[in-house]
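For reference, the structure is listed below as structure tokens.
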There are 4 protein chains.
Amino acid sequence: MSEASNVAGERLLSIITRVERLEEERKALAQDIKDIFQECKSAGFEVSVVKQLIRIRKMEPAEVAEAAQILDTYMHAIGMAVD
Amino acid sequence: MSEASNVAGERLLSIITRVERLEEERKALAQDIKDIFQECKSAGFEVSVVKQLIRIRKMEPAEVAEAAQILDTYMHAIGMAVD
Amino acid sequence: MSEASNVAGERLLSIITRVERLEEERKALAQDIKDIFQECKSAGFEVSVVKQLIRIRKMEPAEVAEAAQILDTYMHAIGMAVD
Amino acid sequence: MSEASNVAGERLLSIITRVERLEEERKALAQDIKDIFQECKSAGFEVSVVKQLIRIRKMEPAEVAEAAQILDTYMHAIGMAVD
DNA sequence: CTGCCATTTTACCGGC
DNA sequence: GCCGGTAAAATGGCAG
């Protein structure tokens, strides 16, 4: 036999191979992102600021959710929970 | 104009949008990988060991041997050697 | 010789031993914290709320620092940095 | 009254204060450990390998053997065995 | 080559 | 008691 010596081995190898494939795609995307930031820099933008902008755009909904969660926790704490 | 008030702004918005798009694809791939490890677990494999295997497969054989060698040397040095 | 077979080995063993000692102290502190939360629960407080309070007390200065960092980043970006 | 407005509040504040104190001690210990690894590096040891050694020392010998065994089995299963 | 940041791994904590 | 997600820590990669 050449690679996987039995049924379990074939299954395992399939798992490993698929993961490795997806990781490569992931790596390629990371490279694409890096390329865009390179272009960003060439266009005269501060990369760190742009990254921060992106982070803020992501965070705003997250912060709303967090605030809601804090409120919810307190309401539970004082026995006012609706559920 | 709707969002970006000038040429630089449009360029910047384009950059941000493209990065965000790629990041979402990255996130989706990460989820796919998680799913495979879930399947891996269901199939009865030790996920941590499978991850270790994938790590080893990424390394050059020489690197693997060298790392083992250093570890062995240190173990001898502190009297932890198996022999 | 019994444990470390040479000068380098003794040095290495000393390093390892000290790290292990500090890690144990760290672990003991973690246990102490857990014990306090147990007491907290017994006293009738909602542990999750107390933890959140602690987190919030930690976060306030962190948020100030973050805001300052954002300002700093922008000032750099527009060439107004003081340094 | 200054900070805690009642007995429960005082109790709660005591809990919070003690936890925060212990967390600071924990943080200080983490810094001490970092310092030792810095010294370790300066002494010419491979920090990653030393960390690996410490991990192995924490494990029961039987566990070490078992983990190696499983890895070996999987490597054989997918045809990566060295022998 | 050192410090920083992203990713990964590990420990914790709640629900089922 | 295990399993799931979540928060902390460690690791590795990268820019400066």
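Side chains included, hydrogens not; waters and symmetry mates left out as well; all remaining heavy atoms used. Below, read A as the first sequence line, B as the second, and so on, with proteins coming before strands; counting in each chain starts at 1.
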Checklist entry - Whole-Å distance between E:dT8 P and B:Ile33 CD1? => result 8 Å
Next on the checklist: Taking ring-ring contact (aromatic ring centres under 6.0 Å, His included) as the cut-off, I'd like each qualifying pair that reaches into residues 47-72 of chain B, sequence neighbours left out, listed once.
Outcome noted: none
Checklist entry - How do C:Ala30 and A:Ala30 order along DNA chain E: which one's closest nucleotide is nearer the 5' end? => result A:Ala30
Next on the checklist: At under 4.0 Å between heavy atoms, how does the protein contact nucleotides 11-16 of chain F? Give one character per nucleotide, 5' to 3', with B, S or -.
Outcome noted: S---SS
Next on the checklist: Using whole Å, what does the distance between atom C1' of nucleotide E:dT7 and atom CD of B:Gln31 come to?
Outcome noted: 16 Å
Checklist entry - Expressed in angstrom and rounded to an integer, what is the separation of B:Phe37 atom CZ from E:dT7 atom P? => result 17 Å
Item to check | Rounded distance in Å - CE (C:Met59) to P (F:dA8) | outcome: 11 Å
Side-chain donor-acceptor pairs under 3.5 Å in residues 37-44 of chain C, sequence neighbours left out?
| from | atom 1 | to | atom 2 | distance (Å) |
| --- | --- | --- | --- | --- |
| C:Glu39 | OE1 | D:Arg18 | NH1 | 3.2 |
| C:Glu39 | OE1 | D:Arg18 | NH2 | 3.4 |
| C:Glu39 | OE2 | D:Arg11 | NH2 | 3.3 |
| C:Glu39 | OE2 | D:Arg18 | NH2 | 2.8 |
| C:Ser42 | OG | C:Gln38 | O | 3.0 |

Checklist outcome for this item: Taken in chain and number order and not counting sequence neighbours, the residues that satisfy salt bridge (charged side-chain N to carboxylate O under 4.0 Å, His left out) with A:Glu25 are A:Arg21
Checklist outcome for this item: To the nearest angstrom, the CG-C1' distance between A:Leu29 and E:dA6 comes to 15 Å
Checklist entry - Which distance, rounded to the nearest 0.5 Å, do you find between the CG of D:Leu53 and the CD1 of C:Ile15? => result 11.0 Å
Checklist outcome for this item: Residues passing the side-chain contact (heavy atoms from CB on, under 4.5 Å) test with C:Thr73, sequence neighbours excluded, are A:Ser48, A:Val49, A:Gln52, C:Gln69
Item to check | Protein-nucleotide distance (D:Asp35, atom CG; E:dT2, atom P), rounded to Å | outcome: 15 Å
Checklist entry - Taking atom P of F:dA8 as reference, at what distance in whole Å does atom CD of D:Glu23 sit? => result 9 Å
Which side-chain N or O atoms in residues 55-62 of chain C pair as donor and acceptor under 3.5 Å with protein atoms at least two apart or in another chain?
| from | atom 1 | to | atom 2 | distance (Å) |
| --- | --- | --- | --- | --- |
| C:Arg57 | NE | D:Glu20 | OE2 | 2.7 |
| C:Arg57 | NH2 | D:Glu20 | OE1 | 3.0 |
| C:Lys58 | NZ | D:Glu23 | OE1 | 2.7 |

Checklist entry - For D:Arg26 and F:dA8, what is the distance between atoms CZ and P respectively, to the nearest whole Å? => result 11 Å
